[in-house]
Amino acid sequence: MVNFFTLVTGFPGASGFGSASTAEQVTEGIDASNLTAIVTGGASGIGLETARVLALRNAHVIIAARNLKAANEAKQLILDNNQSARIDVLKLDLSSLTSVKEFANNFLALNLPLNLLMAFSVNKSAA
Ligand SMILES: NC(=O)c1ccc[n+]([C@@H]2O[C@H](COP(=O)([O-])OP(=O)(O)OC[C@H]3O[C@@H](n4cnc5c(N)ncnc54)[C@H](OP(=O)(O)O)[C@@H]3O)[C@@H](O)[C@H]2O)c1
């Protein structure tokens with residue numbers, strides 16, 4: 001169990017990683033080229049960093065976002081530093097069941113497996 005000391009200091013736990021470890025450090029040496037990951041909230045913050053590093057490890061990343069402009073800018077940012085990144089952007093507004101169903105249908109139409117679902121969407125203005 002992570003105790004308060006290790007959480008605050010970032011001191012590595014049994015895995016060799018701690019709260020100060022980066023996504024790049026944790027995934028170093030992993031080839032995720034056979035994986036497809038949906039990242040909600042992937043247009044900003046920790047979702048964007050997750051999408052970037054998953055793409056760096058060769059996963060096919062689907063950025064699920066309600067703000068397509070921000071999501072496409074995030075996609076471009078990732079591609080600027082990793083031209084072989086496989087990134088698609090799909091519209092998803094989690095506050096709308098209609099949008100969720102449309103997203104699911106659009107994802108199914110891509111005929112990709114779903115190996116990872118990383119959920120980082122949070123509506124801070126509603127908190
Ligand atoms: N940042 C960190 O270091 C960190 C660390 C640990 C945990 N977390 C947790 O990770 C989560 C995200 O944090 P963050 O800092 O990355 O926040 P953030 O930058 O504000 O990202 C939140 C994302 O959620 C999206 N979103 C909000 N409402 C949505 C909706 N109805 N449908 C679809 N997408 C929606 C936002 O898109 P819009 O542009 O459309 O608003 C935005 O891209 C939070 O729960 C936070 O507690 C963050």
Side-chain angles (χ1 to χ4, degrees):
M1 191 174 86
V2 177
N3 66 36
F4 184 72
F5 175 77
T6 55
L7 196 62
V8 171
T9 61
F11 195 78
S15 67
F17 302 108
S19 60
S21 301
T22 67
E24 285 198 28
Q25 290 168 338
V26 173
T27 60
E28 191 172 355
I30 289 177
D31 177 16
S33 55
N34 62 338
L35 301 181
T36 300
I38 292 175
V39 183
T40 78
S44 66
I46 197 170
L48 172 55
E49 177 64 358
T50 300
R52 182 188 75 79
V53 176
L54 283 170
L56 186 66
R57 303 305 177 214
N58 303 315
H60 189 153
V61 177
I62 311 294
I63 295 179
R66 63 178 173 178
N67 181 341
L68 290 183
K69 181 173 181 295
N72 280 307
E73 286 171 0
K75 173 182 175 178
Q76 193 53 53
L77 191 70
I78 294 170
L79 285 170
D80 286 348
N81 294 291
N82 176 8
Q83 291 175 2
S84 60
R86 291 180 295 159
I87 311 261
D88 287 308
V89 169
L90 290 182
K91 173 96 174 161
L92 173 64
D93 181 347
L94 285 163
S95 67
S96 159
L97 188 56
T98 301
S99 176
V100 171
K101 288 177 177 172
E102 283 175 4
F103 170 84
N105 286 332
N106 289 332
F107 177 73
L108 288 173
L110 294 176
N111 203 24
L112 292 168
L114 174 56
N115 305 108
L116 296 171
L117 176 59
M118 313 288 289
F120 297 107
S121 293
V122 63
N123 188 349
K124 288 182 174 169
S125 60

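The figures that follow rest on heavy atoms only: side chains count, while hydrogens, waters and symmetry mates do not. One-based numbering, in listed order, for ligands and for the atoms of each.
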Linking Ile, Leu, Val, Met, Phe, Trp and Tyr through side-chain heavy atoms less than 4.5 Å apart, which residues share a cluster with [X]?
X: I30; value: none
X: L48; value: L35, V39, I46, L54, V61, I63, L68, L77, I78, I87, V89, L116, M118, F120
X: L56; value: none

S33 (side chain) donor-acceptor with N58 (main chain) under 3.5 angstrom: no
Donor-acceptor pair, side chain of R57 and main chain of E24, under 3.5 angstrom: yes
Any donor-acceptor N or O pair under 3.5 Å, side chains Q76, D80: yes
Are there any N/O pairs under 3.5 Å between ligand 1 and the protein, and if so, what are their distances?
from     : atom 1 : to   : atom 2 : distance (Å)
ligand 1 : 15 (O) : K124 : NZ     : 3.4
ligand 1 : 16 (O) : I46  : N      : 2.8
ligand 1 : 17 (O) : K124 : NZ     : 3.2
ligand 1 : 19 (O) : S44  : OG     : 3.0
ligand 1 : 20 (O) : K124 : NZ     : 3.4
ligand 1 : 21 (O) : S44  : OG     : 3.1
ligand 1 : 24 (O) : V122 : N      : 3.1
ligand 1 : 28 (N) : R66  : NH2    : 3.4
ligand 1 : 31 (N) : D93  : OD1    : 3.0
ligand 1 : 32 (N) : L94  : N      : 2.9
ligand 1 : 34 (N) : S121 : OG     : 3.2
ligand 1 : 40 (O) : R66  : NE     : 2.7
ligand 1 : 41 (O) : R66  : NH2    : 3.0
ligand 1 : 43 (O) : S44  : OG     : 2.9

